[in-house]
Colleague: 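Here it is, the structure, as structure tokens.
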4 protein chains.
Amino acid sequence: MANSTGYLFRLTTFGESHGAAIGGVIDGCPAGLMVDSDFIMSELDRRKPLYAGSTGRQEPDIVEFISGISHGKTTGAPVAFLVKNTQADTSEYLDIENIYRPSHADYTYEQKYGIPFSTGGGRASGRETIARVVAGSVAKLFLKENGIEIYAVVSSVGKLNSADEPEFEAKMLELIERTAEAGDTLGGTISCTIKGVPAGLGEPVFDKLQANLGRAMLSIGSAKAFEYGLGFQASSMKGSAYNDQMTAKEGIVSFLTNHDGGIQGGISNGEDIVFRVGFKPVPSVKLPQNSVNRLGEKVELTIGGRHDCCHVPRIAVVVESMAALVIADHLLMNRASRL
Amino acid sequence: MANSTGYLFRLTTFGESHGAAIGGVIDGCPAGLMVDSDFIMSELDRRKPLYAGSTGRQEPDIVEFISGISHGKTTGAPVAFLVKNTQADTSEYLDIENIYRPSHADYTYEQKYGIPFSTGGGRASGRETIARVVAGSVAKLFLKENGIEIYAVVSSVGKLNSADEPEFEAKMLELIERTAEAGDTLGGTISCTIKGVPAGLGEPVFDKLQANLGRAMLSIGSAKAFEYGLGFQASSMKGSAYNDQMTAKEGIVSFLTNHDGGIQGGISNGEDIVFRVGFKPVPSVKLPQNSVNRLGEKVELTIGGRHDCCHVPRIAVVVESMAALVIADHLLMNRASRL
Amino acid sequence: MANSTGYLFRLTTFGESHGAAIGGVIDGCPAGLMVDSDFIMSELDRRKPLYAGSTGRQEPDIVEFISGISHGKTTGAPVAFLVKNTQADTSEYLDIENIYRPSHADYTYEQKYGIPFSTGGGRASGRETIARVVAGSVAKLFLKENGIEIYAVVSSVGKLNSADEPEFEAKMLELIERTAEAGDTLGGTISCTIKGVPAGLGEPVFDKLQANLGRAMLSIGSAKAFEYGLGFQASSMKGSAYNDQMTAKEGIVSFLTNHDGGIQGGISNGEDIVFRVGFKPVPSVKLPQNSVNRLGEKVELTIGGRHDCCHVPRIAVVVESMAALVIADHLLMNRASRL
Amino acid sequence: MANSTGYLFRLTTFGESHGAAIGGVIDGCPAGLMVDSDFIMSELDRRKPLYAGSTGRQEPDIVEFISGISHGKTTGAPVAFLVKNTQADTSEYLDIENIYRPSHADYTYEQKYGIPFSTGGGRASGRETIARVVAGSVAKLFLKENGIEIYAVVSSVGKLNSADEPEFEAKMLELIERTAEAGDTLGGTISCTIKGVPAGLGEPVFDKLQANLGRAMLSIGSAKAFEYGLGFQASSMKGSAYNDQMTAKEGIVSFLTNHDGGIQGGISNGEDIVFRVGFKPVPSVKLPQNSVNRLGEKVELTIGGRHDCCHVPRIAVVVESMAALVIADHLLMNRASRL
């Protein structure tokens with residue numbers, strides 16, 4: 001199941017960073033959805049390196065739909081798509097191909113599959129997220145028809161927190177540039193809000209809405225943490241201060257706070273769904289590191305080439321995309337809840 | 001799929017807190033596993049109220065295996081089990097049955113299923129975790145055969161952190177007692193370590209080990225947050241300080257640190273798997289709260305009856321159980337990775 | 001997945017013939033369905049031995065619902081049920097417990113699970129179908145709300161064909177009695193018609209309606225063949241004679257024939273769905289047979305005890321039940337087909 | 001789930017006959033399998049029109065692997081592939097695009113998805129089987145490593161039965177030519193044998209080996225019937241004549257007959273697995289037919305263009321491919337059966 005996600009709105013992805021293409025298949029997109037290619041391309045642009053220190057690899061990511069769309073609309077057939085890799089140059093890896101990069105997937109892929117990571121590890125690349133963004137943007141179009149919109153923003157980079165800083169973006173860019181120059185890297189956090197989700201989405205017990213959102217976010221490369229509503233902060237509060245008390249006006253129920261982040265008992269309550277994801281720093285630092293080669297010998301490794309210093313700004317659209325896939329899936333599943 | 005989890009070692013649960021029984025079916029437990037009933041009963045005991053302020057409901061939770069075991073060993077057939085509810089008394093809820101309890105599942109279940117939460121919401125009870133613990137203890141027995149063990153401990157309750165306090169347990173009990181007397185409630189965090197996991201478990205891309213662990217933990221009632229390795233803390237570190245550098249001795253690879261919490265690229269690396277889960281305070285505070293009734297009218301609600309003031313100490317075994325189910329599933333899946 | 005079937009209306013079963021009980025869990029039955037216990041009991045009665053030569057084992061099969069029903073209606077929670085085995089007497093098998101019964105599951109279960117078939121093979125008993133009938137009857141109640149009804153009849157027993165015989169039932173009983181007296185056994189065929197299925201159910205490509213119906217039927221013990229519409233007969237016809245030509249009256253489309261059995265391109269066309277299932281004779285003949293024991297020695301086996309001579313009349317309700325589960329599942333899945 | 005099949009060796013397909021390409025993704029092929037492209041191309045050639053009366057459409061079906069293979073071997077990553085449609089000319093359908101072709105999927109697709117079948121029905125084309133053959137040939141390579149081979153042959157075309165005819169192939173070609181000249185079409189049956197399957201494959205209860213084989217075969221376009229072992233013939237036999245009695249020589253068990261077709265209790269017994277599939281005649285007859293147009297008006301339809309008169313000879317490789325996918329999946333699943 002490894003490369004598929006979702007029950008009814010289901011994405012399967014494929015493709016390695018240095019292969020021919022990255023792609024995916026959406027099985028279960030309802031028929032009749034207008035597919036806005038410009039929107040999808042604009043979403044793909046959001047995951048491209050925009051900031052100083054980002055990878056110089058600047059491919060024009062062009063999405064090519066292979067099936068499932070006719071006269072601009074989905075037909076109910078699987079929607080397959082490809083984004084070709086135009087710069088599949090592996091030469092820069094040649095000199096380190098027998099050394100495991102620390103905190104990368106090199107060692108673990110090799111342990112799992114029994115083949116050299118340099119040929120087998122291509123799924124662990126950031127380019128894999130292209131398929132998530134294309135499929136997520138189709139999901140967003142479906143959600144938009146249902147009045148649902150999703151917004152993710154960078155809430156911190158390194159020790160810089162958007163809540164504390166008046167000119168966060170400028171300071172963030174400066175920090176990234178400075179860190180890149182030092183050959184080091186940064187992580188950060190992304191906050192996401194989903195607006196317009198009706199009450200009732202989410203499936204108890206194991207497919208609670210937060211469980212599936214959490215799985216989706218933690219499946220993004222380098223994600224280390226997920227929380228929704230007040231998250232970890234909730235664990236130190238008292239119930240009397242935490243509980244989302246309720247009120248009503250002319251029969252319309254609403255909540256006085258949204259500490260639960262729009263989900264109670266695993267099911268949406270109609271409030272904004274709010275969550276936060278934490279990402280570790282990019283592992284490809286340029287400073288020398290202790291490592292091991294495939295012969296089991298200690299070595300010192302210095303990674304060359306061009307790499308992102310901080311990938312968090314590019315991941316916001318990936319977070320939105322995964323959220324869109326989860327909500328679209330639950331929206332369809334919920335149609336089966338009642339007679 | 002709501003009430004099932006796992007691909008090959010697969011648990012389906014059923015039963016409401018005030019119905020006849022809580023139960024489950026494990027489909028896919030390998031044949032030949034010795035099922036140690038004493039161990040399972042001792043695990044169930046760990047989720048019983050041990051601390052002041054816990055619910056007075058003190059049922060003897062006796063597990064009854066219905067199928068799948070012969071001469072003390074699993075046969076390959078589904079292992080079904082029941083734990084009867086001996087105190088299925090719903091009278092205490094009668095007076096509030098038309099008022100939504102804040103931050104409970106009452107309102108959302110009703111929005112989803114279109115039936116009164118007092119009859120439909122029984123799956124959102126803490127007793128549902130009984131099935132997780134029984135199945136998790138079977139999974140633990142399977143893991144033990146493979147040299148894998150799991151330990152979860154309470155790492156904080158309210159503002160009390162085990163790392164900062166010399167006599168954490170005594171202070172925790174005191175805090176819980178004091179808070180219970182005030183009619184209020186507490187949440188907390190649980191830290192879990194999985195020892196002995198071989199390198200190679202976890203399935204890229206969407207079934208990364210942390211993604212499935214995160215889903216499992218976030219499916220536990222009142223869980224609000226999940227992180228593994230350094231978690232959110234990683235997001236403020238530099239790559240040079242964060243990366244788990246490697247070394248080798250006589251060809252045996254090891255890691256100088258374990259910031260990644262034993263998982264890289266979604267696959268175990270042979271180090272301890274380490275994660276933390278955050279739980280919100282128990283929603284059943286005894287203090288008056290603003291709420292709404294089923295007619296859509298504002299009301300003030302005071303919840304009576306006996307309830308846990310803090311459920312976190314009881315949840316440690318649930319965390320272990322869910323972890324065991326995930327690892328057992330991945331252990332079986334991994335058998336299909338190579339020729 | 002072995003013991004589960006269905007995507008959205010999903011049944012998991014458990015229990016062995018000589019264990020405590022047979023049971024199941026329906027996950028995904030929509031909330032609000034009135035569960036008519038009398039109907040379910042009357043369905044269970046239909047799988048009891050009614051004919052001469054049937055097994056003398058005459059347990060009162062009482063279904064006990066454990067969860068998922070409140071005030072007589074489904075709540076959206078999993079519907080779990082048990083039917084206790086009141087005659088779990090294994091003594092009659094003692095003398096043959098080390099000899100494989102020909103064309104039974106004894107040898108294959110043992111090869112698969114590595115444990116003696118006498119303890120491990122209980123899932124291969126006809127009593128396993130109890131869970132199918134209980135769940136199928138719940139599915140039928142759901143289908144009835146949607147105007148869908150299912151009828152299965154015995155169309156042949158041995159060489160006796162209902163189409164050729166004026167007093168089929170009497171002759172069938174006579175044949176069964178005569179064959180039982182000779183210590184031999186019979187098989188037969190069952191024909192099934194599903195009325196009221198709207199056009200549009202079925203999912204291309206791999207979940208075509210006939211594919212899922214076929215899987216469901218072939219999962220019934222001793223089923224050897226499945227065909228729908230004209231089935232194998234179609235393979236010898238010319239297209240001009242076979243095709244279901246169409247007509248219309250005041251815009252209402254209808255078909256001049258129903259050779260396709262109500263399914264075209266894997267999707268229902270609004271006509272009756274018609275299929276037929278073939279069952280091999282009961283393997284427990286009382287005549288001496290060549291066999292092998294668990295030590296790998298040739299032996300002559302004579303099976304004693306009371307066994308059905310022909311189980312086909314009892315299987316009609318099982319065929320209906322499996323059909324109901326498949327159609328209920330597709331009815332829910334189809335809700336996701338359009339925007 | 002519609003366009004995916006298999007649990008561990010899992011194929012997802014996409015692409016329409018008149019779109020850009022047909023393709024698929026194999027998720028779960030074990031790492032380290034040598035992928036022999038020549039073999040795959042030769043398999044694809046077997047589904048091309050070889051006989052008089054077959055469709056004139058003669059595209060060079062070139063398979064292009066996008067991912068999951070490195071240095072000629074699978075890496076454990078999803079194996080995605082494309083076969084481009086070089087003759088995607090839809091003009092021949094223009095004149096009938098508003099008339100439902102009898103016994104085609106036109107009417108049912110439109111009922112399901114609510115969009116004109118001429119744009120939405122492309123998944124119902126025979127070209128969809130290309131993806132099955134490519135994936136099936138990869139599965140065959142995996143099976144070959146495990147000593148398993150699969151052979152399917154045409155056992156009848158129209159009323160011509162290979163068992164009765166000394167020069168079946170010549171007579172078959174003659175019959176097809178004659179029927180094509182008359183503007184009519186033919187169906188037939190295919191018999192398949194799987195050699196080398198070890199005892200123990202197959203999962204009770206709902207994933208019995210025959211159930212999954214049956215589903216796979218009935219998912220092939222125009223399949224109407226499936227039987228294994230003696231199939232429908234078994235239903236008219238007595239148990240004493242039918243049962244596969246057993247013998248042993250130096251501890252090695254064998255069967256005196258193979259009426260059960262290599263499967264007992266849903267699990268392989270080590271004998272050849274034998275089954276037969278029935279296909280209806282090609283629906284595109286050139287003779288005038290009664291039909292209905294999209295306005296709900298009665299019309300007479302005459303289908304032009306070039307079409308197969310009989311597709312059965314081309315389907316043999318599709319039958320083998322689907323069988324290979326099922327057996328590969330069960331081979332991997334069976335690894336989880338024991339401790």
Colleague: Taking side chain as everything from C-beta outward and backbone as N, CA, C, O, which of these in Y107(C) sits under 4.5 Å from a heavy atom of chain D? Side chain, backbone, both or neither.
Modeller: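 The side chain, not the backbone.
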
Colleague: What part of K208(C) lies closer than 4.5 angstrom to a heavy atom of chain D: side chain, backbone, both or neither?
Modeller: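 Contact with chain D involves the side chain of K208(C) alone.
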
Colleague: So which heavy atom on I220(C) is nearest to which on F279(C), and how close?
Modeller: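 Minimum heavy-atom separation between I220(C) and F279(C): CG2-CE2, 3.9 Å.
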
Colleague: With only heavy atoms counted, which part of Q289(D) is less than 4.5 Å from chain C, the side chain, the backbone, both or neither?
Modeller: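 Both parts, backbone and side chain.
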
Colleague: Which region of D184(D), side chain (C-beta onward) or backbone (N, CA, C, O), has a non-hydrogen atom less than 4.5 Å from a non-hydrogen atom of chain C, or is it both or neither?
Modeller: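 For D184(D), side-chain heavy atoms alone lie under 4.5 Å from chain C.
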
Colleague: Counting only heavy atoms closer than 4.5 Å, note whether A223(C) contacts chain D via side chain, backbone, both or neither.
Modeller: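 A223(C) touches chain D through backbone heavy atoms alone.
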
Colleague: Out of V253(D), I252(D), L287(D), V312(D), which one racks up the most heavy-atom pairs below 4.5 Å with chain C?
Modeller: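 Top count of heavy-atom pairs under 4.5 Å with chain C: V253(D).
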
Colleague: Can you say whether E250(C) sits under 4.5 Å from chain D via the side chain, the backbone, both, or neither, judging by heavy atoms?
Modeller: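 The answer is neither part of E250(C).
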
Colleague: Non-hydrogen atoms of chain D under 4.5 Å away: do they reach the side chain of F275(C), the backbone, both or neither?
Modeller: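 Looking at F275(C), nothing touches chain D.
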
Colleague: Side chain, backbone, both or neither: which part of R276(C) has an atom under 4.5 Å from a heavy atom of chain D?
Modeller: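 Looking at R276(C), backbone and side chain both touch chain D.
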
Colleague: Is it true that N269(D) and Q264(D) share a donor-acceptor pair across their side chains at a distance under 3.5 Å?
Modeller: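 The criterion, which ignores hydrogens and geometry beyond distance, is satisfied for N269(D) and Q264(D).
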
Colleague: By a 4.5 Å heavy-atom criterion (distance strictly below it), what part of E128(C) contacts chain D: side chain, backbone, both, or neither?
Modeller: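 The side chain, not the backbone.
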
Colleague: Pick one of side chain, backbone, both or neither for T179(C), based on which atoms fall under 4.5 Å of a heavy atom in chain D.
Modeller: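 When you check distances to chain D, only side chain atoms of T179(C) fall under 4.5 Å.
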
Colleague: So which part of M333(C) gets closer than 4.5 Å to some heavy atom of chain D, the side chain, the backbone, both or neither?
Modeller: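 Interface part for M333(C): neither.
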
